[in-house]
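The chain is numbered in sequence order, starting from 1.
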Amino acid sequence: MNAKAANIITKAVGAVGAGFVLYDVNKAGVMESQMTIKNGIAGRLPKAYNQSRKQDSMSHVASNVNDYIFKEKVSFSLRDKLNAVKGYAVGGAEQLVAHVVPAALAAGALIKNRLSKACAIGLGVWTGYQLICSAFNIGKIKHFRD
């Protein structure tokens with residue numbers, strides 16, 4: 001195999017590996033973001049509901065105002081948007097830390113240096129190891145006995 005073909009294969013392996021890692025990081029970030037939004041709304045829902053049900057008088061206008069305030073407190077607000085960004089960053093960072101080895105090997109395969117081929121081979125070995133461990137359920141903590 002000539003050097004140009006080996007270089008193309010190395011870069012392709014690095015790009016595919018980086019794509020898989022970034023896909024996982026994105027999905028984990030989105031899931032954590034959604035969970036953070038839901039937890040934020042659920043945290044303020046009981047207090048907002050109790051405040052909206054309390055009335056000093058039988059006024060219909062006051063009841064409508066309380067209902068409006070309740071809807072605004074539990075709807076998707078600026079606070080939820082900030083929580084979404086925070087959740088995405090936290091979830092993505094956690095996933096990136098969990099996948100630091102394949103991310104580093106993929107980055108090493110993409111960078112043009114003398115170790116890029118070794119990083120591509122290492123990424124292939126890492127992927128094979130992970131597939132074998134998943135297929136045969138090796139290396140996982142068994143919380144329940146079979």
Determine whether V90 and V97 fall in the same hydrophobic cluster, where Ile, Leu, Val, Met, Phe, Trp and Tyr are linked whenever their side-chain heavy atoms lie under 4.5 Å apart.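 The answer is no; the residues belong to distinct hydrophobic clusters.
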With clusters defined by side-chain heavy atoms of hydrophobic residues (ILVMFWY) lying less than 4.5 Å apart, directly or transitively, does L123 cluster with I111?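 In one cluster with I111: L123, no.
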Could you work out, with side-chain contact (heavy atoms from CB on, under 4.5 Å) as the rule, every residue matching [X], not counting sequence neighbours?
| X | result |
| --- | --- |
| V85 | none |
| S116 | T10, K11, N113 |
| A62 | Q55, S59 |
| K38 | none |

Name all residues meeting the side-chain hydrogen bond (donor to acceptor under 3.5 Å, both in side chains) criterion together with D67; count only those two or more places apart in sequence or in a different chain, and write none if there are none.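 With sequence neighbours excluded, D67 shows a side-chain hydrogen bond (donor to acceptor under 3.5 Å, both in side chains) to R53, given in chain and number order.
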Distance in Å, [X] [atom1] paired with [Y] [atom2], rounded so as to fall on 0.5 Å steps:
| X | Y | atom1 | atom2 | result |
| --- | --- | --- | --- | --- |
| T127 | I132 | OG1 | CD1 | 11.0 Å |
| L105 | I121 | CG | CD1 | 11.0 Å |
| I41 | T36 | CD1 | OG1 | 11.5 Å |

Residues 12-35 side chain polar contacts: donor-acceptor under 3.5 Å, at least two apart:
from	atom 1	to	atom 2	distance (Å)
D24	OD2	H99	NE2	3.2
N26	OD1	Y88	OH	2.8
S33	OG	A84	O	3.1

ring-ring contact (aromatic ring centres under 6.0 Å, His included) contacts touching residues 101-140 (sequence neighbours left out):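 Applying ring-ring contact (aromatic ring centres under 6.0 Å, His included) to every pair that reaches into residues 101-140, excluding sequence neighbours, yields nothing.
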Sequence neighbours excluded - salt bridge (Lys or Arg N to Asp or Glu O under 4.0 Å) pairs with any residue from residues 77-86: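 Salt bridge (Lys or Arg N to Asp or Glu O under 4.0 Å) check on residues 77-86 returns R44-D80.
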